[in-house]
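Single-structure report; data block below.
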Amino acid sequence: MVQTGTVRVNGGGVFEIDPANAEVAIQAAIDTLGTNGGVLDFAPAAVTYQFSGAVTIPATLSNVIINGGGSTFAFNGATSLYGWRVRSANTTFRGCRFEDTAASSLGTGTRRIVSIEDNAVDMASNTTKFLDCYFKVTLATQIMHDYQCISVLGNSDTNALMRRGLVVTGCTFVAGVNSVPNQRFATGVVPNGITFIRTENSGSTFIHSNEFRGDIGSSTLTDGTGDPLDTIQVNATVASGTSMDWKSSGGSLNGVIQAGSTFTVAGDATVYKVTKLGTANGTTVTVNFWPTLAVQADLNDAVTVTLTSAYGHVASAIHLIDHNQSIVRDNVFTFLSTQAAASGEGGALIYSETDEGESGHSKVASNLFEDVDAWWVVRVEGLGSYANRWMNVEFNDFGRIIPKCEAVVSYSMGGACKVIGNSFHNIGGGPHGTVDTNGYPIDLLNCRTVLIDLNVGSIMDTTESLYHDSGGNQNIRYGQGNVLEWDY
């Protein structure tokens with residue numbers, strides 16, 4: 001028997017909710033609220049409410065509080081682009097669980113579990129809050145589009161009174177292992193996939209004391225001969241491309257190989273990285289990889305495989321666009337990866353970008369980043385003729401990081417910024433015990449007036465430095481308080 005849930009409105013009337021079609025009853029409860037808003041209390045905590053369509057909190061309301069009480073709102077991205085659409089002023093979600101239960105392909109179009117949208121009302125004092133909430137996205141198929149857990153859709157570049165504020169504190173965000181898109185490491189491919197928090201033209205944003213992490217999926221591929229995995233061969237000649245079939249000279253092949261695993265083929269020194277979960281059928285397995293095959297792989301060529309666990313993949317954990325007065329602090333980021341990205345495309349766990357004047361004025365401070373495989377970890381970028389100004393990165397801890405491009409902390413067209421007091425440990429010695437020597441702790445490109453001081457760094461590659469100048473920089477002050485070592 002399916003347990004029926006209830007929502008109590010303002011401590012009075014109770015609406016029973018059919019969990020299989022929850023949005024209808026929840027919308028009816030919201031529609032009973034007056035313009036001054038009110039409180040919706042959900043019970044019991046064990047109920048999962050299935051959403052096949054969106055619930056809207058209209059612009060006519062203000063001061064609405066959603067007390068989830070631990071209830072789960074299961075958004076189905078295969079049937080709807082939205083879970084909740086918030087157009088009201090000053091809305092709070094407390095103790096809510098948000099998950100995606102789509103069991104089929106999501107198709108095209110951006111999905112948003114909670115969409116916070118502008119309207120025609122003066123929103124100078126409008127803030128949406130998420131307190132002690134939980135978001136998890138684990139999908140049945142790979143993500144080939146944008147997917148946002150919390151999305152602030154501002155539409156007023158010039159009118160500060162129309163900008164919405166956002167507070168997120170005490171929340172957990174989880175990316176499942178099926179979140180890895182195709183061409184994950186393809187340079188120039190615009191990142192798609194999960195973004196936990198995305199704001200555009202927002203006002204004050206406070207993201208504090210949250211956990212951002214990926215689920216870990218283990219590779220279980222076996223060749224029937226026990227450890228080590230040393231009988232893998234190419235099953236059919238492949239001249240080029242990013243996919244091939246393997247077999248085992250031992251006669252059987254079972255289990256899965258996770259994205260992030262690496263391999264080489266006899267006669268080719270290139271190290272290829274698996275980009276998609278592969279499941280063996282007992283005798284063969286199809287493997288997708290990057291970069292493109294450099295040397296023809298012939299039938300029965302030996303394949304040397306290094307199996308790894310898969311990390312949750314995100315386009316960005318936090319993406320701030322044309323923002324002001326944003327503070328991202330005291331959060332934990334772990335077991336996450338991003339794909340390759342070019343300028344203006346994200347690819348960072350925290351990505352701040354602007355293409356309008358007077359954006360930035362924010363800080364990323366006192367966060368912990370551990371065991372991440374990222375193109376960049378923090379990326380501050382100005383686009384067009386606009387600099388991203390007064391965007392400071394202070395007192396963060398970066399450990400076991402593999403930067404796939406220039407840096408852990410990367411600035412492009414930054415202005416009047418500080419990079420101070422950060423700890424960079426084991427840079428290049430990141431997830432899965434692998435080493436990548438391409439990244440610097442700090443990189444600047446076309447920046448003006450930046451202070452770099454009191455940072456501590458330890459790097460796997462002894463030829464690199466704490467700070468790298470990519471050119472076009474002016475008035476960069478590299479202080480004497482920076483310390484670097486290569487002792488491992």
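- Side-chain contact between Ile207 and Phe212: present, with at least one pair of heavy atoms (C-beta onward) separated by less than 4.5 Å.
- Defined by atom type and a distance below 3.5 Å, a donor-acceptor pair is present between the side-chain atoms of Ser352 and Asn388.
- Remark: the backbone N or O of Gln258 is paired with a side-chain donor or acceptor of Ser219 at under 3.5 angstrom.
- Under the 6.0 Å distance and 45° angle rule, Arg379 does not count as a cation-pi partner of Tyr351.
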Donor-acceptor contacts, no H, no angles, side chain residues 446-453, under 3.5 Å, sequence neighbours left out:
residue, atom, partner, partner atom, Å
Thr449, OG1, Asn475, ND2, 3.3
Asp453, OD1, Gly481, N, 2.9

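- Annotation for Asn422 and Val393: closest pair ND2-O, 3.1 Å, computed over non-hydrogen atoms.
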- Message: Show, in sequence, the C-alpha distance, side-chain angles and deciding distance for Glu99 and Lys136, and conclude whether the salt bridge (charged side-chain N to carboxylate O under 4.0 Å, His left out) test is met.
- Response: CA-CA 5 Å; Glu99 298 187 13; Lys136 184 175 183 179; over 6 Å; no

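- Ser362 and His323 share a donor-acceptor pair across their side chains, judged by distance under 3.5 Å alone.
- For Phe289 and Phe263, the ring centers are positioned less than 6.0 Å apart.
- Nearest heavy-atom pair across Leu454 and Asn482 is N-OD1, 3.4 Å.
- In this pair, Phe98 and Phe130 present their aromatic rings perpendicular. The plane angle is above 60°, beyond the 30 to 60° band.
- Without hydrogens or angle criteria, Thr79 side chain to Ser52 main chain gives a donor-acceptor distance under 3.5 Å.
- Without hydrogens or angle criteria, Asp371 side chain to Phe335 main chain gives no donor-acceptor distance under 3.5 Å.
- Proximity of a side-chain donor or acceptor of Thr242 to a complementary backbone N or O of Asn288 within less than 3.5 Å is not detected.
- For the residue pair Asp322/Thr354, the side-chain donor-acceptor check at 3.5 Å is satisfied.
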- side chain to side chain contact (heavy atoms under 4.5 Å, CB included) between Leu293 and Met244, intermediate numbers included: CA-CA 9 Å; Leu293 191 65; Met244 69 171 66; 3.9 Å; yes

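- Distance alone, capped at 3.5 Å, is enough to place a donor-acceptor pair between the Thr169 side chain and the His208 backbone.
- A donor-acceptor contact closer than 3.5 angstrom links the side chains of Ser151 and Arg112.
- Aromatic ring centres of Phe75 and Trp84: separated by at least 6.0 Å.
- Taking the six-membered ring where tryptophan is involved, the planes of Phe173 and Phe196 are tilted, since the angle between them lies from 30° to 60°.
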